[in-house]
Amino acid sequence: MIAPIDMQAMVLETPGAALVQRRLPRPRAGAGEVLVAVHACGVCRTDLHILDGELAHPKRPIVPGHEIVGVVAGLGEGVDGLALGERVGIPWLGWTCGQCRYCRAGEENLCPEARFTGYQIDGGYAEYAVVDARYCLPLGATALSDAEAAPLLCAGLIGYRCLVKAGDAGRLGLYGFGAAAHIVAQVARWQGREVFAFTRPGDAAAQAFARDLGAAWAGGSDERPPEELDAAILFAPQGGLVPLALKAVRPGGTVVCGGIHMSDIPSFPYESLWREKHLLSVANLTRRDGVEFLALAARMPLATRVEILPLSAANEALRRLRAGELVGAAVLAPSTIEGTIHS
C-alpha cells in the first residue's frame with residue numbers, strides 16, 4: 001500500500017482561537033528523525049496553556065499534542081535501533097542541543113535550547129508526526145492499548161518525575177486529581193504509600209474515582225487532610241494551592257509543583273515554609289525518566305482511564321478538560337485508524 005502524501009491535522013493558527021481542521025502535507029523524516037503514524041494522542045492541560053497563549057513563543061501555526069503513541073512509518077538517514085512497524089511513544093521533550101552543561105550532566109530537561117512536541121515541533125493532533133529519534137521511546141514492554149498508553153507520555157512521565165522529587169514520602173498528597181494524579185496514585189499505592197487526594201471542591205465524582213484507586217482520603221483542595229503529609233504534589237495549575245499544601249505537610253516535608261504553568265502564588269507567612277519545608281518545581285522530563293517509568297509501568301498492574309474521541313473532536317476534548325468534566329484522560333484517535341483503538 002502506498003502511503004498518503006497528505007494528512008488530516010488539527011491546527012492552532014492563533015492563540016486564543018479554536019483549533020481548525022486542515023489537510024497538510026505528510027511530513028518526511030530527515031536525518032536522525034523518525035516518521036510516526038499516530039494511533040493515539042492524549043489531551044493534556046499543557047495543550048490548554050499553549051492554546052491560551054500562556055506559554056510564550058510557540059511555533060505558529062502549530063499542531064498540538066505531545067502524548068503520542070503510534071508505529072514507526074519511516075526512518076531518516078542515520079537512525080538505528082528502531083524498526084519500521086515498531087510501537088513507540090513521543091513525549092513532550094522533543095529536542096535538546098546535547099552540548100550544554102545541562103545536557104552533559106544528564107539534566108537535558110533544563111537545556112536552554114530545548115524544543116518541545118506540540119509547542120515548537122508539530123505534535124500528535126494529526127495522522128503523522130516526525131520526531132527526533134533520540135526522543136522516540138519504544139513501547140513494546142507495556143501491555144496497554146495505544147489509547148491507554150498515550151497518557152503515560154506526559155501525565156505519567158511528569159507525574160513520575162514529581163514522585164521521585166517527593167522522596168520516600170509515606171503519606172502523599174495529590175492536588176488536582178486528573179490524568180497525571182490518577183496514574184501517580186497507582187504507582188504510589190503499588191510502592192506502599194498512602195495517598196490523599198485533593199480535588200475541586202464538591203467534585204464527588206473525582207473523589208470517588210480517587211478512592212476507587214486506593215486513596216486513603218479524598219476531599220476538596222480547600223480542606224485539610226486528616227493527617228500531616230510527608231509530601232504533596234500539585235498538578236492543578238493554581239498558585240493559591242501552594243500555601244495550602246505547605247500547611248498540610250509536616251516539618252521537613254516537601255511540596256512539588258508539577259505543572260509547566262501556574263497562576264501567581266499569593267504571599268504567605270514565612271511560618272508556612274519554616275521548619276525546613278521544601279518547595280520545588282519540576283521542569284519537563286529526561287530520557288532517563290522515560291526509560292525508568294515505562295519499565296516500571298510494564299512491571300506493575302497499571303491501568304489508565306481514557307475516553308477516546310475522533311481527531312475532529314479536539315476542541316470538544318479541550319473544552320471538557322478546561323471545565324473539569326473528564327474523569328481520567330481524553331485521547332484523540334485519527335479518523336483513518338480510530339476503529340483499531342480500544343480502551
Side-chain angles (χ1 to χ4, degrees), residues 39-46 66-71 86-92 124 136-197 199 205-216 218 231 233 235 256 258 282 285-308 321 326-333 341-343:
H39 286 190
C41 184
V43 177
C44 178
R45 184 161 294 276
T46 301
H66 56 274
E67 295 181 330
I68 305 169
V69 174
V71 297
E86 183 173 357
R87 188 180 186 223
V88 294
I90 302 175
W92 168 244
C136 193
L137 303 175
L139 288 175
T142 178
L144 298 178
S145 72
D146 293 338
E148 292 167 334
L152 302 185
L153 274 300
C154 182
L157 280 171
I158 295 297
Y160 172 74
R161 188 170 181 87
C162 289
L163 187 60
V164 171
K165 294 291 185 183
D168 58 359
R171 292 192 296 271
L172 178 71
L174 301 177
Y175 285 77
F177 207 84
H182 99 284
I183 296 172
V184 171
Q186 294 176 69
V187 177
R189 291 294 301 126
W190 185 73
Q191 293 175 335
R193 309 174 193 242
E194 280 189 290
V195 171
F196 297 77
T199 72
Q207 291 167 20
F209 183 38
R211 287 189 287 268
D212 288 344
L213 291 177
I233 301 173
F235 294 117
V256 182
V282 159
L285 59 113
T286 67
R287 283 172 287 182
R288 179 176 177 178
D289 294 328
V291 171
E292 290 180 355
F293 173 66
L294 292 174
L296 174 64
R299 293 199 307 270
M300 61 172 286
L302 180 65
T304 58
R305 181 163 173 174
V306 298
E307 181 175 347
I308 305 168
L321 175 61
L326 295 171
V327 178
V331 175
L332 302 177
I341 306 292
H342 62 279
S343 61

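Index from 1, following the sequence.
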Exercise. Identify the two heavy atoms, one from R189 and one from G214, that lie closest to each other, and give their separation to 0.1 Å.
Key: NE-O, 3.2 Å

Practice problem: Could you check if a side-chain atom of T286 sits within less than 4.5 angstrom of a side-chain atom of R161, using non-hydrogen atoms only? | Solution: yes

Self-check item: ring-ring contact (aromatic ring centres under 6.0 Å, His included) against F235, all qualifying residues, sequence neighbours excluded
Solution: none

Self-check item: Closest approach of E148 to P151 (non-hydrogen atoms, all atoms of both residues)
Solution: O-CD, 3.3 Å

Self-check item: Minimum-distance pair of heavy atoms, taken over all atoms of P91 and L157
Solution: CB-CD1, 4.0 Å

Quiz prompt | Euclidean distance, E307 CD relative to L332 CG, rounded to 0.5 Å | solution = 10.5 Å

Quiz prompt | Rounded distance [0.5 Å steps], CG in L163 versus CD1 in I158 | solution = 13.0 Å

Practice problem: Would you confirm whether E67, through its side chain, and A155, through its main-chain N or O, come within 3.5 Å as a donor-acceptor pair? | Solution: yes

Quiz item: Counting heavy atoms not belonging to R211, are there more than 12 under 6.0 Å from its CZ?
Solution: yes

Quiz item: Rounded to the nearest 0.5 Å, how far does CG of L139 lie from CG of L153?
Solution: 6.0 Å

Quiz item: When rounded to the nearest 0.5 angstrom, what distance separates CG in D212 from NE2 in H182?
Solution: 12.0 Å

Quiz item: Under 3.5 Å, side chain of Q186 to main-chain N/O of A303, donor-acceptor pair present?
Solution: yes

Practice problem: Mark yes or no for whether R87, through its side chain, and V69, through its backbone, hold a donor-acceptor pair below 3.5 Å. | Solution: no

Quiz item: Nearest 0.5 Å, what's the CZ-OG1 distance between F293 and T142?
Solution: 9.0 Å

Quiz item: If you look at every heavy atom in L152 and A297, which pair is closest and at what distance?
Solution: CD1-CB, 4.4 Å

Self-check item: Least distance between heavy atoms, C162 atom then G258 atom
Solution: SG-CA, 3.5 Å

Quiz item: Rounded to the nearest 0.5 Å, what separation is found between the CG atom of L172 and the CD1 atom of I233?
Solution: 4.5 Å

Quiz prompt | Closest approach of A216 to E194 (non-hydrogen atoms, all atoms of both residues) | solution = CB-OE2, 3.9 Å

